[in-house]
Structures are given as C-alpha cells and as structure tokens.
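Before any comments, here is the structure.
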2 protein chains.
Amino acid sequence: MLSIGAFAQIGQVTHRMLRHWDQTGLLVPAHTDPFNSYRSYDPQQLERLHRIVALRQLGFGIEDISSLLADGIDAEQLMVMLQRRRAEVEEEHRTAAARLADVERRLHLIERERPMSSVEVIKKPLSAAQLAARTVKVNEQPELINVVGPTFDAVAEIIGGTCGALETPIAVYSSAEEGIEATIGYVYSGQAQEGVDLIPLPAENEAFVTVHLGEIQGIGSSWQALHEEILARGYEPSGPCRELYLRADEAGRTDQFVVELQQPVRSIS
Amino acid sequence: MLSIGAFAQIGQVTHRMLRHWDQTGLLVPAHTDPFNSYRSYDPQQLERLHRIVALRQLGFGIEDISSLLADGIDAEQLMVMLQRRRAEVEEEHRTAAARLADVERRLHLIERERPMSSVEVIKKPLSAAQLAARTVKVNEQPELINVVGPTFDAVAEIIGGTCGALETPIAVYSSAEEGIEATIGYVYSGQAQEGVDLIPLPAENEAFVTVHLGEIQGIGSSWQALHEEILARGYEPSGPCRELYLRADEAGRTDQFVVELQQPVRSIS
DNA sequence: TCACCCTCTGACACTGTGTCAGAGTCAAGC
DNA sequence: GCTTGACTCTGACACAGTGTCAGAGGGTGA
C-alpha cells in the first residue's frame, strides 16, 4: 500500500488532485484509515491512475473521464466521446492557429514602426434589418458627401412623421456601372410610404467592422485602413459595405461623428 | 449616449461582460446615473471596446488588456507582451496538435477492433537516483527470469543489514554484445559496500512508462506493447529501460506483481 | 522529548462567463 | 393614470482544476 505522497510521486500528479479525485469518486483510495483518515493506495490502482492521466492529456474533463472509465462502457460510446473530443480539439487547434497568425501580424506591424494599427478592427456577424431608404447614384466618390446628408434628411422627413423616434441611420454603398450607388435611410419596421423604398438588408455572418470617430471627411481613410486589414487577415469583401451612424447630429458640428463601418467578408480560400 | 444593451449589441458582447469590465475598471461607462445606477456609454467608447474585443480574440486576459490599453504604454512593452503571448499561443497550438494526433490514433485503434490499448502509457520525466546493485549478463532473454530474483535477494542481504528498510527495487536492462546486461539492485543513499556497486542512474526528462500487473511472466508482452506505443506516438527509445518493482513480495506468489516499466525516449524528429 | 516531515480538513483564490432571483425603471399603449 | 413588457440594477452561485494557506494531528528518527 502506498501513501498519498508516494502514489502521487509515482503517478506524477499532486496530492491535491488525488484528494480532489477521491472526493469526486474518480479515484478512491483502496483504503482509508478510519482513525486518522490517511489514504492508502494499492499499487494496482496505478493502472487506473495512468488511464486517468492519459485521458487528461487528451483534454477530457473529470466528468468525461469518469464515464470513460465506468464499467459498462462499450466501444460505441467510447468512439462517440473521442469523436466529440476530436472536434473540440480541432477547434482549439484552429483558434490557436488564427491567434498565432494575428499575433505575428501585429508584431510585424510594430517592427515596421506602425505601433498599433490606427483603426481597431473586429469581426462580427451582422443581423438582417429592413430599411426605409432612398437610393441615389453618383459618379465620383467626392460627390457623396454632399448627397448623403440631404438624403437622410429627406427620408427622415417622410417617415419621421408617422414614426416618432427614428432608428439607426444606415447607408449602404455598392459600386454600379460608372459610379457608386448609395442606399440611404433608417432601420424601419413600419408600413411602406410614398417617396421611400422598403429595402431588406440581408444578414451577413462574417463582417469586419470598425468605428470612425471625429471628422466625417476622414472616413475615407478609415475605410482604406479597414480594407487593408481585411486583406492582411486573409479575407476579401463579399458584399456592399455599410455605414451605421451612431452619432451624427450635434447641430452642424462635423467633428463629433461616430460611424460604424461594416464590410461583409469571406475567407480567401 | 447608449444604454448598456445597445452598447453590448453594437460591440457584440454581453451585458454581463460590460458590467464585469466596469467593476474591474477596464471599461467604465462614460456616465452612471446616480439615482438608478443605469450605465450610459458614449459612442466614442466603442473604440476602446473594439480594442478590448480584438485583444480578447488574441487570448489576452483582462489584466493584460488593461496594461495594453493603459496610457503610458510604448512600443517596447507592447512588443514584449505580444512576444510572450506568441510563445503561449505557440504552446497551445502544439498541445492541440499533439492531442489531435493522439485522439485520432485512438480512434483508429478502435476502428481496427482494438477497443483500448491493453496497457495505458503515460509520459513523464524520471528523476535521478543512486543504486546499490549488481550487474549480471545473460545471453538470452528467457534466462533473465531465473537470474533477477536471486540477484535481488543477494543485494538485499548485503545492504539490508546496515539499512533497515530497503527502498525501491529497480532493474536496468541494456543490450550488450551478445546478450543482455542487467543491473539489479535498490535505490540506496548510503555508503559503498563490499559485493555491490554504487551505480548512478541519470535523470531522463522524457520517458514513457506503464504498469504491469499480475504474473511476472507476462511482463514481456507489456514491454512489447509499451514499445509499440512509443513508436506509434512518434518517439524512439533513447536509453536503457528500467523496471521498478512496486510490489513483488507476497511470499512466493507470482501473480501479484506490480511493476512500473520505464523507457526513456526521444522524439523522432 | 524534540524536530521535522507527512497528512488531514476546510477554505479561499483564480478566470470569465452563464444564470438566477428579486427589485426597480422606463416607455408605450390604453 | 395604470398596465404591461422590456430593460436594468445588484448580488450571488456556479463551473473546472488546480494552487495555496492555515491549523491541527500523526509518525518517525535522533
């Protein structure tokens, strides 16, 4: 019979775990002294201990290990659990790979003297929405800035009457033949109205987004940075991009904008 | 100003986290109502939120993120933290890869109708020790079984006198020219004695071990299984193997043995 | 007998998130 | 003004798997 210390040393685990496993019933010492509660392990229990250690190395939790070592387990169940575990480990592996790539990308950026990318980009899904909007078309990008504001106002005037509080303003841009098409309006769940279109905006399960703060004029460089980041991370745009105006009002001040830039993407595979 | 719900939705995090981060000071709402404690976030705080989300995706903990977003951080410190993170992620990546290989190996074993390898093998380091032992040489493996027992007895008789309780019996086997060399004795920290050699046993930082239970005659197949497993996992033996007798006595009974089989290995690279 | 090591129990800690309970608040519709 | 439903608040427990600490008792050798 082995003391807990000896057993722990042979099996390369700590006393703490052996006591924990005793409590949870995973590995109960062959004998426990009724007077001083000292635990004694039979050397034969090393086999079970080894199985436990091996399963732990595969990343199984205590619960799972208990089932796997239970008496009545058959090859079928075993296989199911291993397959589930495989899926999880594959996921961990992918996550780690992606993280690694991202960490290294950032390290390279620093080495090239760009301390931290000027915009912070995150990936998230976009949910579907319905817009009340107008679609306008311009030939050159610079024209947009003169068109967007008034169009928002026009749409707001139409639907603002029936719908007290306007929801989020959104602009969707897609390139058309010889120019840019902009759909400009508000998230809207009411009825159709004269003078605006009801436009369903599809959900996107992968999009890169960032926020642009401050002067609206600078939004172009934020877009550029966003698209650079998309490419750098191995993705490409997969649909029209959107601007979501989180703060635009402030009565004439143009230096207090907060705009979420959204670009649906797909992985370059 | 955005309510916690709106802010959470835009930033794709849960209220719970925002409250948690408020508590820890990582992201404090721009305003908290003194009467009802409602949190209000400034849209500009989305930038910080995005940075936090991005860093979380790299696997940084809250503590680290706080430092990374602190005011006085310079590129130097940033780089140090990223490098540390890189090392950790690389480790995770390796672990996941190893696990994946192991899980798949086990799945294949099951498919080939070998429900669970008969021996359970784990990898652990071996610590150094000093033996009081005798070295014997045999030509054929079967001879060993007749030699080992008596040699243990002979060594025990010599050192047992001065050293009350004998420590663990160990046998070390290495192949010599035309035969097998066996070093048989006990872990021993006393002085040299007539009739036995003091033999230092080096530490090994990687070894595969398993336990053999029951009849001592079956130990050969346990060794074979251990060596098969070593190869299957992409390692090869890198030194003499050892047997550590955890239970051998039992007065003449040969079916109650508990022996740890230890084989130092190196990775096949 | 003393000193030292082993072992016991029980507790708290960590991380980051889910969830629940119970209470309070806000806004909209009637 | 009242109801209703959605939102928010706090505080707590929970998870997993260890590390660690405190305080007490046991066992052994000098």
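Chain identifiers are assigned alphabetically (A, B, ...) following the order of the sequence lines, protein sequences preceding nucleic acid strands; residue numbering begins at 1 within each chain.
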Requested in this report: Using the salt bridge (charged side-chain N to carboxylate O under 4.0 Å, His left out) rule, collect all pairs that involve residues 1-11 of chain B, keeping only residues at least two apart or in two chains.
Outcome: none
**Report entry** By salt bridge (charged side-chain N to carboxylate O under 4.0 Å, His left out) - contacts of B:Arg16 (at least two apart)
**Finding:** none
Requested in this report: Inspect the contact between A:Arg85 and B:Glu104 and indicate whether a charged nitrogen and a carboxylate oxygen are less than 4.0 angstrom apart.
Outcome: no
Requested in this report: Starting at the 5' end of nucleotides 10-15 of chain D, put B wherever the base has a protein heavy atom under 4.0 Å, S where only the sugar-phosphate does, and a dash everywhere else.
Outcome: B-B---
Query raised in the report: Got a sec, which residues hit side chain to side chain donor-acceptor pair (under 3.5 Å) with B:Tyr245, two or more places apart in sequence or on another chain?
Result: B:Glu243
Query raised in the report: Can you tell me how far P of D:dC9 sits from CG of B:Leu18, to the nearest Å?
Result: 9 Å
Requested in this report: Please report how far the helix from C:dT1-D:dA30 to C:dC30-D:dG1 bends, comparing the axis fitted to its first five pairs with the axis fitted to its last five, to the nearest 10 degrees.
Outcome: 30°
Query raised in the report: Among pairs that include at least one residue of residues 24-34 of chain A, which meet salt bridge (charged side-chain N to carboxylate O under 4.0 Å, His left out), considering only residues two or more places apart or in two chains?
Result: none
Query raised in the report: Listed by chain and number, what are the side chain to side chain contact (heavy atoms under 4.5 Å, CB included) partners of B:Gln57, not counting sequence neighbours?
Result: B:Val53
Requested in this report: Using side chain to side chain donor-acceptor pair (under 3.5 Å) as the criterion, list what pairs up with A:His93, not counting sequence neighbours.
Outcome: B:His93
Report task. For A:Asp42, check salt bridge (charged side-chain N to carboxylate O under 4.0 Å, His left out) against everything at least two apart and list the hits. Result -> B:Arg247
N/O-N/O pairs, protein side and nucleotides 22-27 of chain C side, under 3.5 Å:
| from | atom 1 | to | atom 2 | distance (Å) |
| --- | --- | --- | --- | --- |
| C:dG24 | N2 | B:Tyr38 | OH | 3.0 |
| C:dT25 | O4' | B:Tyr38 | OH | 3.1 |
| C:dC26 | OP1 | B:Asn36 | ND2 | 2.8 |

Query raised in the report: Mind checking what makes side chain to side chain contact (heavy atoms under 4.5 Å, CB included) contact with A:Thr95, not counting sequence neighbours?
Result: A:Glu91, A:Arg99
Requested in this report: With the side chain of B:His15 defined as its heavy atoms from C-beta on, choose the nearest nucleotide among D:dT18, C:dT7, D:dT8.
Outcome: D:dT8
Report summary line: The complete set of side-chain hydrogen bond (donor to acceptor under 3.5 Å, both in side chains) pairs with one or both residues in residues 21-30 of chain A, sequence neighbours excluded, reads A:Asp22-A:Arg39
